[in-house]
Amino acid sequence: MDMATADDTERWLDHLFSAKAVARGGVIRRSVAWVEHEIGRERFIGAVAERGFSLLECGGQFVVICQRGPIRRLL
């Protein structure tokens, strides 16, 4: 990845994780196809893991649970 692309990736991630929902410990979602196009699946997974958040994939969407606590699936 060249420097411009690396900078763009970091800006994209900074923008995503600066959302109000993240600060409140809420949930954000993004299209899998869009994430793969913009920064790549592995980079996104790594960024979520770095923050200690949980990540789900369902129906073509990534769902990020923006808190570090345990997740309990009810159904």
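Counting begins at 1 with the first residue of the sequence. Only a predicted model underlies this, so the values are computations on that prediction, with no experimental measurement involved.
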ask   = What's the verdict on side-chain contact (heavy atoms from CB on, under 4.5 Å) for Phe44 and Thr9, showing C-alpha distance, side-chain angles and the deciding distance?
value = CA-CA 10 Å; Phe44 184 69; Thr9 297; over 6 Å; no
Non-neighbouring partners of Leu56 that pass side chain to side chain contact (heavy atoms under 4.5 Å, CB included), sequence neighbours left out = Val63, Ile65
request  = Enter the distance from Cys66:SG to Leu16:CG here, rounded to the nearest 0.5 Å.
outcome  =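 So the gap between those two atoms works out to 7.5 Å.
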Trace of the side-chain contact (heavy atoms from CB on, under 4.5 Å) decision for Glu10 with Asp7 = CA-CA 5 Å; Glu10 290 310 310; Asp7 289 344; 5.8 Å; no
Contacts table for residues 20-32: side-chain donor-acceptor under 3.5 angstrom, sequence neighbours left out:
| unit_1 | atom_1 | unit_2 | atom_2 | d |
| --- | --- | --- | --- | --- |
| Arg29 | NH1 | Gln61 | OE1 | 2.8 |
| Ser31 | OG | Ala33 | N | 3.3 |
| Ser31 | OG | Trp34 | N | 3.3 |

key: Selection residues 50-65 - residue pairs positive for salt bridge (Lys or Arg N to Asp or Glu O under 4.0 Å), sequence neighbours left out   =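 Counting only pairs at least two positions apart or across chains, the salt bridge (Lys or Arg N to Asp or Glu O under 4.0 Å) contacts touching residues 50-65 are Arg41-Glu57, Arg43-Glu50.
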task = Using a strict cut-off of less than 4.0 Å between a Lys/Arg side-chain nitrogen and an Asp/Glu carboxylate oxygen, indicate whether Arg11 and Asp8 qualify as a salt bridge.
result =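 Answer for the salt bridge query: yes.
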task = Classify the angle between the aromatic ring planes of Phe53 and Phe17 as parallel (below 30°), tilted (30 to 60°) or perpendicular (above 60°).
result = tilted
